[in-house]
Asker: 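First, the structure itself, so that you have it in front of you.
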Amino acid sequence: MGPYEITEMIIDDDFYGQETVTAHFTYKQENYSITFNKGDLEVLNAWVLKKGTSLPANVSNIPIGWIRKAVDKEITDGHTPY
(Lines give C-alpha, C1' and ligand atoms only; values in the text may rest on other atoms or scores of the structure.)
Protein backbone atom coordinates (compact mmCIF):
# COMPACT_ATOMS: atom_id res chain seq x y z
CA MET A 1 0.00 0.00 0.00
CA GLY A 2 1.23 3.51 -0.83
CA PRO A 3 0.94 6.57 1.39
CA TYR A 4 -2.85 6.60 0.89
CA GLU A 5 -5.58 4.24 -0.31
CA ILE A 6 -8.78 5.38 -2.00
CA THR A 7 -11.62 3.19 -0.78
CA GLU A 8 -14.54 4.78 -2.64
CA MET A 9 -15.11 7.45 -5.27
CA ILE A 10 -18.50 8.94 -6.13
CA ILE A 11 -18.98 11.10 -9.20
CA ASP A 12 -22.21 13.09 -8.80
CA ASP A 13 -23.26 14.83 -11.99
CA ASP A 14 -26.24 16.61 -10.44
CA PHE A 15 -25.46 17.77 -6.90
CA TYR A 16 -27.61 20.89 -6.50
CA GLY A 17 -26.71 21.91 -10.05
CA GLN A 18 -22.99 21.44 -9.42
CA GLU A 19 -21.00 18.40 -10.52
CA THR A 20 -18.85 16.98 -7.73
CA VAL A 21 -16.52 14.10 -7.01
CA THR A 22 -16.20 12.68 -3.50
CA ALA A 23 -13.26 10.45 -2.61
CA HIS A 24 -13.08 8.44 0.58
CA PHE A 25 -9.54 7.44 1.47
CA THR A 26 -7.24 6.27 4.22
CA TYR A 27 -4.12 8.29 5.04
CA LYS A 28 -1.86 7.81 8.08
CA GLN A 29 -4.33 5.30 9.55
CA GLU A 30 -7.22 7.82 9.45
CA ASN A 31 -10.28 7.78 7.20
CA TYR A 32 -11.11 10.91 5.21
CA SER A 33 -13.69 12.17 2.73
CA ILE A 34 -12.94 15.02 0.33
CA THR A 35 -15.40 16.53 -2.12
CA PHE A 36 -14.05 18.30 -5.20
CA ASN A 37 -15.75 20.46 -7.79
CA LYS A 38 -15.67 18.21 -10.85
CA GLY A 39 -14.89 21.06 -13.26
CA ASP A 40 -11.70 22.41 -11.70
CA LEU A 41 -11.03 19.88 -8.88
CA GLU A 42 -11.01 22.56 -6.21
CA VAL A 43 -11.74 21.25 -2.71
CA LEU A 44 -15.30 21.98 -1.58
CA ASN A 45 -14.99 20.24 1.79
CA ALA A 46 -12.84 17.76 3.68
CA TRP A 47 -13.84 15.54 6.58
CA VAL A 48 -12.08 13.12 8.88
CA LEU A 49 -14.31 10.14 9.66
CA LYS A 50 -14.08 8.88 13.24
CA LYS A 51 -16.25 6.56 15.29
CA GLY A 52 -19.41 7.02 13.23
CA THR A 53 -19.11 10.78 12.93
CA SER A 54 -17.45 13.29 10.61
CA LEU A 55 -15.42 16.31 11.64
CA PRO A 56 -13.90 19.06 9.50
CA ALA A 57 -10.45 17.92 8.42
CA ASN A 58 -7.25 19.87 8.08
CA VAL A 59 -5.56 17.84 5.34
CA SER A 60 -2.23 19.06 3.98
CA ASN A 61 -1.77 19.90 0.31
CA ILE A 62 0.39 16.80 -0.28
CA PRO A 63 -2.32 14.12 0.14
CA ILE A 64 -4.89 16.41 -1.47
CA GLY A 65 -2.61 16.59 -4.54
CA TRP A 66 -2.34 12.78 -4.65
CA ILE A 67 -6.12 12.36 -4.40
CA ARG A 68 -6.72 15.13 -6.96
CA LYS A 69 -4.46 13.32 -9.47
CA ALA A 70 -6.29 10.02 -8.90
CA VAL A 71 -9.69 11.71 -9.30
CA ASP A 72 -8.56 13.46 -12.49
CA LYS A 73 -7.34 10.14 -13.90
CA GLU A 74 -10.65 8.44 -13.15
CA ILE A 75 -12.64 11.28 -14.74
CA THR A 76 -10.39 11.23 -17.80
CA ASP A 77 -10.53 7.42 -18.11
CA GLY A 78 -14.29 7.48 -17.63
CA HIS A 79 -14.56 4.83 -14.94
CA THR A 80 -14.29 4.40 -11.19
CA PRO A 81 -13.13 0.95 -10.04
CA TYR A 82 -13.85 1.64 -6.35
Side-chain angles (χ1 to χ4, degrees):
M1 184 170 105
Y4 71 94
E5 179 182 11
I6 295 177
T7 57
E8 184 176 14
M9 190 179 302
I10 303 161
I11 298 175
D12 190 345
D13 292 328
D14 193 31
F15 178 71
Y16 298 109
Q18 181 178 9
E19 295 180 333
T20 61
V21 179
T22 301
H24 296 194
F25 65 99
T26 302
Y27 174 67
K28 292 188 176 181
Q29 300 177 341
E30 298 242 67
N31 295 313
Y32 294 91
S33 176
I34 294 183
T35 301
F36 297 95
N37 178 318
K38 185 178 175 187
D40 59 10
L41 296 180
E42 288 301 313
V43 174
L44 298 175
N45 59 53
W47 302 96
V48 61
L49 309 173
K50 290 186 178 188
K51 298 180 183 178
T53 189
S54 57
L55 302 168
N58 185 10
V59 183
S60 76
N61 287 333
I62 293 171
I64 288 175
W66 295 332
I67 302 301
R68 185 178 280 125
K69 279 185 178 181
V71 166
D72 186 46
K73 181 173 177 8
E74 294 306 320
I75 291 170
T76 302
D77 290 351
H79 60 83
T80 54
Y82 305 97

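Below, each value reflects all heavy atoms present in this structure, side chains not excepted, and no hydrogens, waters or symmetry copies. Bear in mind that the values here come from a model prediction, so they are computed numbers and not experimental data.
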Asker: Less than 4.5 Å apart, side chain to side chain, heavy atoms only: is that true for Glu74 and Ile6?
Answerer: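 Side-chain contact under 4.5 Å: no.
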Asker: Between Trp66 and Tyr27, how do the two ring planes meet: parallel, tilted or perpendicular, split at 30° and 60°?
Answerer: perpendicular
Asker: Could you give the distance from OG1 (Thr26) to CG (Leu49), rounded to the nearest 0.5 Å?
Answerer: 9.0 Å
Asker: Could you pull out the closest heavy-atom pair between Trp47 and Pro56, with the gap in Å?
Answerer: CE3-N, 3.4 Å
Asker: Could I get the full list of side chain to side chain donor-acceptor pair (under 3.5 Å) partners for Asn37, not counting sequence neighbours?
Answerer: none
Asker: Identify the residue among Thr35, Asn45, Asp12 that makes a side-chain hydrogen bond (donor to acceptor under 3.5 Å, both in side chains) with Thr22.
Answerer: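 Only one option passes, and that is Thr35.
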Asker: Say you draw a straight line from CD1 of Ile67 to CZ of Phe25; how long is it, rounded to the nearest 0.5 Å?
Answerer: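 So the gap between those two atoms works out to 4.5 Å.
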Asker: Kindly indicate whether the side chain of Ile75, heavy atoms from C-beta on, has any atom under 4.5 Å from the side chain of Leu41.
Answerer: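 Yes, close enough: below the 4.5 Å cut-off.
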Asker: Drop me the distance from Arg68's CZ to Asp40's CG, to the nearest 0.5 angstrom.
Answerer: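 Separation between the atoms: 8.5 Å.
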Asker: For the residue pair Ile64 and Phe36, establish whether any side-chain heavy-atom pair is separated by less than 4.5 Å.
Answerer: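 Yes; the side chains approach each other to less than 4.5 Å.
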Asker: Once rounded to the nearest 0.5 Å, what's the spacing between atom CG of Asn31 and atom CD of Glu5?
Answerer: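 If we round to the nearest 0.5 Å, Asn31:CG and Glu5:CD are 9.5 Å apart.
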Asker: Between atom NZ of Lys69 and atom OG1 of Thr76, what is the distance when rounded to the nearest 0.5 Å?
Answerer: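 Answer rounded to 0.5 Å: 13.0 Å.
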Asker: Please list all pairs passing the salt bridge (charged side-chain N to carboxylate O under 4.0 Å, His left out) test where one or both residues lie in residues 48-63, with sequence neighbours left out.
Answerer: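 Pairs touching residues 48-63 that pass the test: Glu30-Lys50.
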